[in-house]
Asker: 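Below is the structure I would like to discuss, written out as structure tokens.
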Amino acid sequence: QVQLVESGGGLVQPGGSLNLSCAATGSIFSINSMRWYRQASGKQRELVAAITSGGTTNYADSVKGRFTISRDNAKYTVSLQMMSLKPEDTAVYYCYVIVNSRGNVFYAYWGQGTQVTVSS
């Protein structure tokens, strides 16, 4: 009953910035963890950033200091601000949200993915 819609991907030059957004809609009582993963072509999917319901954040070492994850609890959205982008950041980025649909029953949902390409 929950859908995640991502937006904001595109082509950017090295050193540039991009802002991804993911909006959750549907039957939501509350949202717990919100995360961004990415998967480069031919590579495993990896966790990029995560934010808890309380606002605690975690980042992969490769993006620490360059990416910022944030959430808007009123709008059920999670964003990823990406700065100082590098070619190795090129990947499909996926939103991942853990939803409390009903009293302490949790479900995880994936966004459709959005392509981020960093190239000159």
Side-chain angles (χ1 to χ4, degrees):
Q1 282 189 309
V2 175
Q3 292 184 332
L4 306 180
V5 180
E6 301 179 28
S7 62
L11 175 64
V12 65
Q13 292 185 327
S17 300
L18 213 56
N19 202 358
L20 307 182
S21 294
C22 174
T25 60
S27 182
I28 301 171
F29 177 76
S30 63
I31 296 180
N32 297 85
S33 178
M34 306 185 83
R35 308 171 188 174
W36 287 98
Y37 288 79
R38 68 185 181 188
Q39 187 167 21
S41 181
K43 305 295 183 181
Q44 291 184 321
R45 189 170 298 185
E46 63 176 348
L47 178 65
V48 176
I51 184 167
T52 69
S53 60
T56 301
T57 59
N58 288 297
Y59 299 93
D61 288 341
S62 59
V63 307
K64 192 173 298 182
R66 299 187 297 117
F67 290 12
T68 301
I69 187 171
S70 61
R71 61 190 287 166
D72 186 332
N73 291 329
K75 298 180 179 179
Y76 295 137
T77 61
V78 59
S79 298
L80 185 68
Q81 182 178 330
M82 304 183 293
M83 299 182 293
S84 301
L85 283 161
K86 305 174 181 179
E88 50 263 46
D89 295 319
T90 296
V92 177
Y93 284 70
Y94 296 91
C95 178
Y96 178 87
V97 175
I98 298 176
V99 175
N100 182 359
S101 296
R102 61 185 191 274
N104 295 118
V105 178
F106 298 89
Y107 300 90
Y109 298 90
W110 289 96
Q112 81 279 8
T114 184
Q115 177 71 47
V116 172
T117 302
V118 184
S119 176
S120 58

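The analysis underlying the following values was restricted to heavy atoms, covering all of them including side chains, and did not include hydrogens, waters or symmetry mates.
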Asker: Do side-chain atoms of Ser120 reach the backbone of Gln13 as a donor and acceptor pair under 3.5 angstrom?
Answerer: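 No; judged by distance alone, with no hydrogens or angles, the pair does not exist.
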Asker: Taking a hydrophobic cluster as the set of Ile, Leu, Val, Met, Phe, Trp and Tyr residues connected by side-chain heavy atoms closer than 4.5 Å, whether directly or through intermediates, do Val118 and Leu18 fall within one such cluster?
Answerer: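 Yes, Val118 connects to Leu18 through the hydrophobic network.
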Asker: Taking atom CG of Leu80 and atom OH of Tyr93, what is their separation to the nearest 0.5 Å?
Answerer: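 Leu80 atom CG to Tyr93 atom OH measures 7.0 Å (nearest 0.5 Å).
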Asker: In terms of hydrophobic clusters joined by side-chain contacts under 4.5 Å, are Leu4 and Tyr76 together?
Answerer: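 Same cluster.
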Asker: Going by side chain to side chain contact (heavy atoms under 4.5 Å, CB included), name the residues that satisfy it together with Gln81, two or more places apart in sequence or in a different chain.
Answerer: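 Expected list: Asn19, Thr68, Met83.
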Asker: Looking at every heavy atom in both Ser84 and Ser17, which two are closest together, and how far apart are they?
Answerer: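 Closest pair (atom of Ser84, atom of Ser17, distance): N-OG, 4.4 Å.
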Asker: Val2, Ile31: one ILVMFWY side-chain cluster at the under-4.5 Å cut-off?
Answerer: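 Yes; tracing contacts between hydrophobic side chains, which count when under 4.5 Å, links both residues.
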Asker: Rounded to the nearest 0.5 Å, how far apart are CG of Asn32 and CD1 of Ile98?
Answerer: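 Going from the CG atom of Asn32 to the CD1 atom of Ile98 covers 7.0 Å.
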Asker: So which of Arg71, Glu6, Met34 actually passes side-chain contact (heavy atoms from CB on, under 4.5 Å) with Cys22?
Answerer: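 Running side-chain contact (heavy atoms from CB on, under 4.5 Å) over Arg71, Glu6, Met34 with Cys22 returns exactly one hit, Glu6.
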Asker: Considering residues, nucleotides and ligands other than Phe29, do more than 12 of their heavy atoms fall under 6.0 Å from its CZ?
Answerer: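 Count not over threshold, so no.
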Asker: Which heavy-atom pair separates Asp89 from Arg66 by the least distance, and what is that distance?
Answerer: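 Smallest interatomic distance, heavy atoms only, reads OD2-NH1, 2.8 Å.
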Asker: Please examine the side chains of Ser33 and Ser53, heavy atoms only from C-beta on, and report whether any two atoms are closer than 4.5 Å.
Answerer: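 No, every pair of side-chain atoms sits at 4.5 Å or beyond.
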Asker: Between Asp61 and Lys64, does any NZ, NE, NH1 or NH2 come within less than 4.0 Å of an OD or OE carboxylate oxygen?
Answerer: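 Salt bridge between Lys64 and Asp61, a charged N being under 4.0 Å from a carboxylate O: yes.
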Asker: Heavy atoms only: give me the nearest Ala91-Gln115 pair and the separation to one decimal.
Answerer: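 The pair with the smallest heavy-atom distance is O-NE2, 3.4 Å.
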Asker: State, without any angle test, whether Thr114 and Gln112 hold a side-chain donor-acceptor pair at a distance under 3.5 Å.
Answerer: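 No donor-acceptor contact under 3.5 Å links the two side chains.
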Asker: Side chains of Gln3 and Tyr109: does their closest heavy-atom pair fall under 4.5 Å?
Answerer: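 Contact flag for Gln3/Tyr109 side chains = no.
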Asker: Answer yes if the ring centres of Tyr96 and Tyr37 are under 6.0 angstrom apart, and no otherwise.
Answerer: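 Tyr96 vs Tyr37: aromatic centres under 6.0 Å.
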Asker: Report yes if the side chains of Phe106 and Val99 come closer than 4.5 Å at any heavy-atom pair, otherwise no.
Answerer: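 A side-chain contact under 4.5 Å is absent here.
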Asker: Should side-chain heavy atoms under 4.5 Å link Ile, Leu, Val, Met, Phe, Trp and Tyr, which residues sit in the same cluster as Leu11?
Answerer: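 None, because no other hydrophobic side chain comes under 4.5 Å of this residue.
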Asker: Is Tyr59 close to Ile69 at the side-chain level, that is, under 4.5 Å between some pair of heavy atoms?
Answerer: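 Yes - at least one pair of side-chain heavy atoms lies under 4.5 Å apart.
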Asker: Cation over ring, Arg35 on Trp110, under 6.0 Å and within 45°?
Answerer: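 Because its charged atom misses either the 6.0 Å distance or the 45° angle limit, Arg35 does not stack over Trp110.
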Asker: Taking atom CG of Leu20 and atom OG1 of Thr77, what is their separation to the nearest 0.5 Å?
Answerer: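 Leu20 CG to Thr77 OG1: 12.5 Å, rounded to 0.5 Å.
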Asker: Do Arg38 side-chain atoms and Val116 backbone N/O form a donor-acceptor pair below 3.5 Å?
Answerer: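 Checking the backbone N and O of Val116 against the side chain of Arg38, no donor-acceptor pair under 3.5 Å is found.
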Asker: Using side-chain contact (heavy atoms from CB on, under 4.5 Å), reason through Thr56 and Ile51 one step at a time and then give a plain yes or no.
Answerer: CA-CA 5 Å; Thr56 301; Ile51 184 167; over 6 Å; no
Asker: Tell me whether Gln39 at atom CD has more than 12 heavy atoms from other residues, nucleotides or ligands lying less than 6.0 Å away.
Answerer: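 Yes - once you tally the heavy atoms of other residues, nucleotides and ligands closer than 6.0 Å, there are more than 12.
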Asker: Working to the nearest 0.5 angstrom, can you tell me the gap between Ser101 OG and Ile28 CD1?
Answerer: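 Taking OG in Ser101 and CD1 in Ile28, the distance rounds to 7.5 Å.
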Asker: Would you check if Thr90 and Ser119 make a side-chain contact, meaning some heavy-atom pair closer than 4.5 Å?
Answerer: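 Result no, sub-4.5 Å side-chain heavy-atom pair not found.
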